[in-house]
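What follows is a short report on a single structure.
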Amino acid sequence: MPYFDAASGAPLHPVARQALLASLDEGWADPARLYKEGRRARLLLDAAREAAAEAVGCRPDELVFTPSGTAAVHSGIAGALAGRRRTGRHLIVSAVEHSSVLHAAEVHRDGGGTVTEVPVDRTGAVRPSEFAGALRPDTALACLQSANHEVGTLQPVAEAAEACRAAGVPLLVDAAQSLGWGPVEGGWSLLAASAHKWGGPSGVGLLAVRKGVRFAPQGPRDERESGRVPGFENLPAVVAAAASLRAVRAEAAQEAARLRELTDRIRARVPRLVPDVEVVGDPERRLPGVVTFSCLYVDGETVLHELDRAGFSVSSGSSCTSSTLTPSHVLRAMGVLSEGNVRVSLPPGTEEEDVERFFDVLPGVVAGVREKLGAPVSRSETVRQEPDEALVVDALGRRCPIPVIELAKVIGDVPVGGLVRVLADDEAARLDIPAWCEMRGQEYVGEQPADRGASYVVRRLS
């Protein structure tokens, strides 16, 4: 069964498995003890730290291991903010950061701090000038991911780091998605990552803090991991994480070229095979194995279930696949279509034949879902005339993509220059109706208040 969700978690690398099993036998003792078993465990821990630091591009004594990538992010943000409390309490993040960063920002805001979210363009990238423009005299920390986890877009970390350096502000980089492909360029100050993203075991993260960065670890402290991460190290998992990071780096150049060719093929062929598709993310500055596209007139949850039944594991940022029933914050920030969103993230070793079979399966899956959702609805129930001669589609209480489907059905019923008002109370409509207008060459006039939900006004241009 082809697994196409490596951005969520890559399959365990064979080297990680070997290292994990070996260190279960050799690394079970306390590395803080001076007897033979403890010294052996300390040698394993030191070797793992040196290997990970080399891959990150920092000194071994600047790197600590954490229980997860999320823990690394939270510890890094909290420690950096506390260390620079005298400077101020202003935090900068991009609008498309991983939820772990945004959750930490929310806690900081609730505690009386201030947060600036830097917007992104339609490819999902921040503009270096806007990131630099957010810096203030009271800025304590800035955060910018190296690559986006949902659409694969690479961020201008080097430019952001230079702006932060000039302002005397440390930059924390979430490198979870990119570290397996290579070191993060630029003069960053803190870096966080997660082993299960590069084929290491779950439950291991790393946090690097450059010498000279003011950092005050929060919470109870003990003597382990430079006082930054309390508790007994999961040594077998740490050893496996470092071993797999070194292994994937050795394969990265060749594998990146191969996966990039496969994702280029997906980006080019999916819009030809499936009508009404928007491929999102930067076409050039992106991770090698990630490609994301959204399909009009389908709901992402059904598409994922049907692809799963056909043998393909993929992910989605659509609202109908999330517990919050709102579109992904990444897709919202980009202003792109969210309905029918599919993220394909290929793990190393993906076979070309699996991608070709995906092309065989996808058109039928999308067509089948559209057929199920596209049954005609009585005009008397959904459409009525207003005095201003605008056609009104009442989609209140109906989840996307239904409001967009109903809009598509009636747009031909108004003359060129005429208006359609879509009444909807699904949050996704705020994103998907403007995206539909751009894709279909119609004019999105804007959003107007309504008794329930909102009225989205569209003008027919063709």
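Because the structure is a prediction, the values reported are computed rather than measured.
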- Going by the angle between their ring planes, with limits at 30° and 60°, are His149 and His329 parallel, tilted or perpendicular? tilted
- Among Arg398, Arg452, Arg430, salt bridge (charged side-chain N to carboxylate O under 4.0 Å, His left out) partner for Asp425: Arg452
Heavy-atom side-chain contact between [X] and [Y] under 4.5 Å:
X: Val314; Y: Leu304; value: yes
X: Pro401; Y: Leu373; value: yes
X: Leu144; Y: Trp188; value: no
X: Leu135; Y: Cys164; value: yes
X: Phe358; Y: Val344; value: yes
X: Tyr3; Y: Ser345; value: no
X: Trp436; Y: Val422; value: no
X: Gln155; Y: Phe131; value: no

Checking side-chain polar atoms at under 3.5 Å, does [X] have a donor or acceptor matched by the opposite partner on [Y]?
X: Thr302; Y: Asp299; result: yes
X: Arg343; Y: Ser8; result: yes
X: Arg286; Y: Thr263; result: yes

So, are [X] and [Y] salt-bridged, with charged N and O less than 4.0 Å apart?
X: Arg309; Y: Glu306; answer: yes
X: Arg249; Y: Glu54; answer: no
X: Glu255; Y: Arg258; answer: yes
X: Arg33; Y: Asp30; answer: yes
X: Glu427; Y: Arg332; answer: no

Mark yes or no for whether [X], through its side chain, and [Y], through its backbone, hold a donor-acceptor pair below 3.5 Å.
X: Arg399; Y: Ala428; result: no
X: Asp121; Y: Gly124; result: yes
X: Asp426; Y: Ala429; result: no
X: Arg221; Y: Gly227; result: yes
X: Gln177; Y: Lys197; result: no

- Query: Got a sec: does the CZ of Arg214 have more than 12 other heavy atoms crowding it under 6.0 Å?
  - Reply: no
- Message: Taking atom CZ as the centre, does Arg246 end up with more than 12 heavy-atom neighbours from other residues, nucleotides or ligands that are less than 6.0 angstrom away?
- Response: no
Going from [atom1] on [X] to [atom2] on [Y], what distance comes out if it is rounded to the nearest 0.5 angstrom?
X: Glu339; Y: Tyr297; atom1: CD; atom2: OH; value: 8.0 Å
X: Arg122; Y: Asp282; atom1: CZ; atom2: CG; value: 13.0 Å
X: Ser75; Y: Arg228; atom1: OG; atom2: CZ; value: 10.5 Å
X: Cys400; Y: Asp432; atom1: SG; atom2: CG; value: 4.5 Å
X: Glu447; Y: Ile433; atom1: CD; atom2: CD1; value: 9.0 Å
X: Ile77; Y: Leu141; atom1: CD1; atom2: CG; value: 6.5 Å

- Applying side chain to side chain contact (heavy atoms under 4.5 Å, CB included) to Glu225 and not counting sequence neighbours gives Leu45, Arg49, Val64, Phe65, Val229, Glu233
- Message: For residues 137-166, which residue pairs pass the salt bridge (Lys or Arg N to Asp or Glu O under 4.0 Å) check, not counting sequence neighbours?
- Response: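 Pairs touching residues 137-166 that pass the test: Arg136-Asp138, Glu162-Arg165.
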